[in-house]
Amino acid sequence: MENTTLLFNDEIEKIIDAMDLSQEAPVEEPQRQYWFMKKARQLVKEQSEKLGRPLTANITTFGCQMNARDSEKLVGILERMGYVEVSDENADFVIYNTCTVRENANLRVYGRLGYLHSLKKKNPHMMIGLCGCMMQEPQVVEKLKKSYSFVNLIFGTHNIYKFAELVVSSLLSNRMIIDIWKDTDKIVEDLPVERKYPFKSGVNIMFGCNNFCSYCIVPYVRGRERSRNPKDIIREIERLVKDGVVEVMLLGQNVNSYGKNLEEPMTFAQLLTEIEKIEGLKRIRFMTSHPKDLSDELIEVMKNSKKICKHLHLPLQSGSSDILQKMNRRYDKEKYLNLVEKIRTAIPDISLTTDIIVGFPGETEEDFLETVDVVKKVRYDSAFTFIYSKRTGTPAAVMENQIPEDVVKDRFNRLLETVQTIGREMSARDTGKVMEVLVEEQNSQDKHLMTGRLSNNLLVHFEGDTSLIGQLCQVRLDECRGFYYMGTKVG
Ligand code: SAH
Ligand code: SF4
Ligand code: F3S
């Protein structure tokens with residue numbers, strides 16, 4: 001199986017077809033999964049012949065782009081197994097790819113499971129699968145076992161590559177199948193993926209996180225940081241480009257520490273330089289950048305690049321040096337502002353966005369005002385603002401001085417007001433200019449309008465037709481309406 005890394009789906013199909021089900025499943029990956037895909041295909045076919053229609057599947061993704069990419073892998077496997085993807089939950093196999101970064105994310109899943117139960121009562125053959133970050137929390141699995149026994153399959157973030165094998169177990173059993181791993185150092189390449197967009201794609205460059213910010217559950221549910229081999233990343237992107245992709249989003253919880261644990265260490269800036277060379281690739285994005293690891297080398301590479309987009313998501317979390325220390329972020333207000341200054345000097349037209357948490361334990365009014373001060377100094381194009389959510393098992397959950405809800409809400413509203421006022425002003429700064437957009441879709445409300453994305457990540461609506469989807473066009477930015485533009489195509 002050498003030299004077969006990163007195959008197209010049709011090539012994977014051929015390998016699956018060639019699998020011999022009269023033999024035992026191979027031990028090595030991904031061949032073992034190809035065998036189970038073929039096995040599942042047989043079982044799915046039997047059921048669909050009985051029903052006289054194809055079996056359908058539906059995935060809902062909660063959470064971040066990591067999860068979105070994982071869902072594309074699950075859809076790739078589902079389709080190889082013979083399921084037809086449908087857009088609603090009235091399906092034979094419903095999967096929730098869950099998030100647990102904030103309490104709200106969990107509550108949404110429990111709420112919707114109640115609805116799924118009612119659907120399952122009408123269609124007893126329906127299979128329900130739960131995966132993703134929430135499943136990595138033992139207390140969640142306990143609760144599901146006790147009160148949601150109608151769920152068929154539960155697996156975690158470390159073993160999604162085993163999906164085909166788990167589905168076969170589920171199809172052959174009436175019991176709840178649970179397979180959760182605490183952590184892994186394994187990265188399985190060459191699994192099928194079904195992209196949501198033909199022209200752009202997420203690409204994992206690393207998995208897990210080692211930072212242990214004191215409020216954050218991600219390191220516990222996504223495991224230790226591990227980087228993918230640069231050769232695998234480059235080959236995957238080359239393949240994607242051959243398949244019509246012009247924009248990639250490199251994904252990692254902290255892309256700036258990419259490559260540190262590779263056999264031959266490599267920096268993120270070096271990886272970007274290699275990716276830049278890929279012919280036919282037009283745009284490169286990445287997320288997320290941790291301010292503590294953002295190097296001068298990266299700023300230099302971004303400055304000189306023709307393909308890296310003029311956008312940097314640089315999570316602040318808090319503007320108070322005291323709170324930042326309690327958050328274990330390993331930078332302070334001054335260091336963050338200096339970094340922004342350096343970036344803006346090198347790349348004046350860059351757009352900066354951020355994440356901010358309000359109401360971290362012990363946050364005083366003064367601490368909060370420091371955050372507002374940073375927002376006013378940096379002038380973000382936009383910011384995701386979050387109310388602090390207590391995550392069991394993290395150090396912050398047991399810190400003293402948890403902030404009362406009404407105080408947090410008041411601060412949150414004041415921050416939002418500041419962020420939005422500045423965001424509107426910043427977003428409008430290119431009014432009248434002609435800029436390049438990547439056309440992404442037809443506007444859902446007005447069929448004459450197409451929606452494109454600027455390098456700085458803002459959306460532009462302009463008159464056009466669907467033949468433009470996936471193309472780069474020049475558009476004049478006529479009018480900024482808050483956080484998007486209305487424009488005219490000029491070339
Ligand atoms: N790795 C990324 C963040 C991933 S989580 C980074 O370090 O930037 C996305 C965002 O969720 C974080 O930036 C943070 O602002 C927010 N977040 C994480 N844990 C949270 C919590 N317990 N309560 C509220 N917001 C949280
Ligand atoms: Fe969470 Fe911090 Fe890791 Fe981001 S860097 S995922 S906020 S622990
Ligand atoms: Fe949520 Fe997991 Fe992403 S907890 S934010 S889906 S890494």
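We're numbering straight along the sequence, starting at 1. For ligands, and for the atoms within them, numbers begin at 1 and follow the listed sequence. Here the structure is a predicted model, which means the values were calculated and not measured.
Using a 4.0 Å cut-off between heavy atoms, S389 contacts ligand 1 through both its backbone and its side chain. Counting heavy atoms under 4.0 Å from ligand 1, residue Y215 touches it through both backbone and side chain. If you look at R391 next to ligand 1, the close heavy atoms, those under 4.0 Å, all belong to the side chain.
Between the side chains of N254 and E225, no donor N or O sits under 3.5 Å from an acceptor N or O. When only modelled atom types and interatomic distance are considered, T100 and N106 share a side-chain donor-acceptor pair under 3.5 Å. Counted by atom type alone, R453 and N457 present one or more donor-acceptor pairs between their side chains at under 3.5 Å. With no hydrogens or angles considered, no side-chain donor-acceptor pair links T288 and H313 at under 3.5 Å. At a cut-off of 3.5 Å, with distance as the only test, no side-chain donor of N67 or T61 sits close to an acceptor on the other residue.
Those atoms of ligand 1 that come under 4.0 Å of a heavy atom in Y388, given as number and element, are 23 (N), 24 (C). The V101 neighbourhood of ligand 3 comprises atoms 1 (Fe), 4 (S), 5 (S), with distances under 4.0 Å to a heavy atom of that residue. Listed by atom number, the atoms of ligand 1 under 4.0 Å from I357 heavy atoms are 14 (C), 15 (O), 17 (N), 25 (N), 26 (C). The ligand atoms of ligand 3 that sit less than 4.0 angstrom from a heavy atom of C133 are 2 (Fe), 4 (S), 6 (S), 7 (S). Near N67, meaning under 4.0 Å from one of its heavy atoms, ligand 3 places the atoms 6 (S). Of all atoms in ligand 1, listed by their number and element, those nearer than 4.0 Å to a heavy atom of V101 are 5 (S), 18 (C), 19 (N), 20 (C), 21 (C), 22 (N). Within the listing of ligand 3, atoms 7 (S) sit less than 4.0 angstrom from a heavy atom of Q253.
Heavy-atom distances between N254 and ligand 1 stay at or above 4.0 Å for every pair. Distances from ligand 2 to the non-hydrogen atoms of R329 include at least one value under 4.0 Å. Residue-ligand proximity: R329 is placed with a non-hydrogen atom under 4.0 Å from ligand 1. Contact analysis leaves H290 out of contact with ligand 1, as no non-hydrogen atom separation drops below 4.0 angstrom. Residue T394 places no heavy atom under 4.0 Å from ligand 1.
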_For D410 and R414: C-alpha separation, side-chain torsions, deciding distance, then whether salt bridge (Lys or Arg N to Asp or Glu O under 4.0 Å) applies._
CA-CA 6 Å; D410 173 61; R414 283 188 283 153; 3.1 Å; yes
*Evaluate the salt bridge (Lys or Arg N to Asp or Glu O under 4.0 Å) criterion for residues D293 and K260: first the C-alpha distance (whole Å), next the side-chain angles of each, then the deciding distance (0.1 Å), finally the verdict.*
CA-CA 11 Å; D293 295 316; K260 287 185 181 151; 3.8 Å; yes
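With hydrogens and angles ignored, the 3.5 Å screen pairs a side-chain donor or acceptor of Q136 with a backbone N or O of W181.
Counting only protein atoms, the N, O or S atoms lying less than 2.8 Å from atom 3 (Fe) of ligand 2 are C209 SG, ordered by chain and residue number.
Atom 7 (S) of ligand 2 has Y215 OH, 3.3 Å as its closest protein atom, hydrogens excluded (heavy atom only).
Between D243 and R195, at least one side-chain N (NZ, or NE/NH1/NH2) sits under 4.0 Å from a carboxylate O, which counts as a salt bridge.
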